Protein chains: 2
Amino acid sequence: MTALDRDAATPLWRQLQTDLEARLKSGEFAERFPGELALGEHYGVSRHTVRQALRQLRADGLVLAERGRQPRIAPASEIHQPMGALYSLFARVEATGLGQHSLVRALDVRADAVVADRLGLEGSTPLFHLERVRHAGDQPLALDRVWMPAEIAAPLLNADFTHTSLYAELAERAGVRLEHGSEEIHAVLPAAAERTLLHCSPTTAGFSIHRIGYSGGAPVEWRHTLVRGDRFALTADFSAQAGYRLRPAQTRTAAS
Amino acid sequence: MTALDRDAATPLWRQLQTDLEARLKSGEFAERFPGELALGEHYGVSRHTVRQALRQLRADGLVLAERGRQPRIAPASEIHQPMGALYSLFARVEATGLGQHSLVRALDVRADAVVADRLGLEGSTPLFHLERVRHAGDQPLALDRVWMPAEIAAPLLNADFTHTSLYAELAERAGVRLEHGSEEIHAVLPAAAERTLLHCSPTTAGFSIHRIGYSGGAPVEWRHTLVRGDRFALTADFSAQAGYRLRPAQTRTAAS
DNA sequence: CTCCTCATAATGTCCGGACATTCAAGGTAC
DNA sequence: GTACCTTGAATGTCCGGACATTATGAGGAG
């Protein structure tokens, strides 16, 4: 623990906040998170200051607090949905009731200088590579290609990707979860080879999505997905308050 | 002003907060927003309670507060950027330095049962209609069609839309600002007529964006935009904290 | 063993005060 | 008229205390 510096320019409560965040990440509070009074006594500050420091942590859901209850830290095992346009697309398909499965076309380790460069790695770095054609019901839906540093993704080489999600396997076998990333979405006309794989006509357009994903500040995946555009769409809500949010599934309910 | 009820189940600070929000919306604080001490004395509560009530309002940007400065309410005239995929697309184009202008193909009032239905209006409701081809530099960029209830948008009929933004005109002439909405983005192959307007080849795909926008709970616009897909892309960042956010312009700077 | 009661601990709410820091405006010296 | 200084007002930070409300577990009555 770092002692608080009462003469520093940064306020006490912020010092406390960053210190608590660090201790949280280190797993120090895995068993029990101390209460406000205990923290105040430990750091030598008033309860008011402790509450100010905890405010952000509680708002972010890192720490759970309720009246009368023992304070707890958020369950780390909670499955964070891999966000983004792809997730939104496939969740919508799932919501329609169609079963999804994948046809694995490649699953190996190879070197690719172009992709390695995009991941910020040396050109000769071995990369885990997975190429799948995703189906919804009987129809092919998307052509999905992923590259990840082999160092991280090696445990996935003997996984079965016909039904399971890459991110679920990644979290389980490698202990890595995507934290943030960025993607670029283009509207394209699939090439002949791609049309064959996706069983679509020459007049069908598609979404081409490039994504780079990070975990813990380091690039973890580079992905290129080509989605048939004739049956699938991105939908989103936006507002001044909530910003822009992709809608994962239809919210309209037939009930009542 | 509503007096606070100290025996109510809802906390004092929340009562204060909702009351202040109501007074804000009524325009009561247009000239001057009272300080914390003044509010405390006025409502008969401590400064601590006032600060708790103001916390949300300040976080939302409704009220601006800085040390030493007179508290102010957020400038109502501030132009809220019309969010969404379209704004993101066009802002990116603008960031490249290309000048934008539009070719107005239609600007009138007509009835359209299909569109009216999507807006939740009677089929015979007169609708303001604007159809433009947007250019970036010399090249056509998008075909943009907008329908709005004539009751709201009538003041826009004699506006010049070759250079100005629809939303800017709407805010200025009709006093209406888009508050929220939803959109659906498809990847399509433009039809022959559209290809002619957009000067693109038969192998060029495009984004087809349908949007419905609301202001004050009532539908205000229905819009269909077809964007050339060969030169433009949607880019977005996502993270567990901030969610999914379209990136309006390139953040990479060549400086330093 | 079961059910109820009660003590305990934790957060939520609210009050009071004090000092530091910063911005804006007005007044003064030149 | 301009530059500087002083003063006022406002928020930021931090402390102390008090009581209310709620969940949990221990202990006793039946």
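Note that the coordinates shown come from a computational prediction; the quantities given were computed from them, not determined experimentally.
- In this structure, B:Gln70 atom CD and D:dA10 atom C1' are separated by 7 Å, rounded to whole Å.
- The distance from atom CG of B:Leu64 to atom C1' of C:dT22 is 16 Å, rounded to the nearest whole Å.
- Nearest heavy atom pair, residue B:Pro71 against residue B:Phe33, reads CG-O, 3.1 Å.
- With DNA chain D read from its 5' end, the first of the two nearest nucleotides for A:Arg69 and B:Pro34 is the one closest to B:Pro34.
- A distance-only check finds no donor-acceptor pair linking the side chain of B:Glu36 to the backbone of B:Arg51 [under 3.5 Å].
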Nucleotide by nucleotide, nucleotides 13-18 of chain D touches protein heavy atoms under 4.0 Å in the pattern (B base, S sugar-phosphate only, - none) BBBS-B

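- Residue pairs meeting the salt bridge (charged side-chain N to carboxylate O under 4.0 Å, His left out) criterion with at least one partner in residues 161-170 of chain A, sequence neighbours excluded, are A:Glu169-A:Arg173.
- Regarding contacts with the backbone of D:dA10, a side-chain N or O of B:Arg32 is found under 4.0 angstrom from either OP1 or OP2.
- Residue A:Arg58 is classed as a sugar-phosphate contact, given heavy-atom separations below 4.0 Å to backbone atoms only.
- A parallel orientation is assigned to the rings of B:Tyr214 and B:His180, their planes being inclined by less than 30° (bins at 30° and 60°).
- In summary, the aromatic rings of A:Trp222 and A:His210 are positioned with their centroids under 6.0 Å apart.
- One can place CG of B:Leu37 at 12 Å from P of D:dG12, the figure rounded to the nearest angstrom.
- With no hydrogens or angles considered, no side-chain donor-acceptor pair links B:Tyr167 and B:Glu172 at under 3.5 Å.
- One atom, CZ of B:Arg55, and another, C1' of C:dG12, lie 13 Å apart when rounded to the nearest Å.
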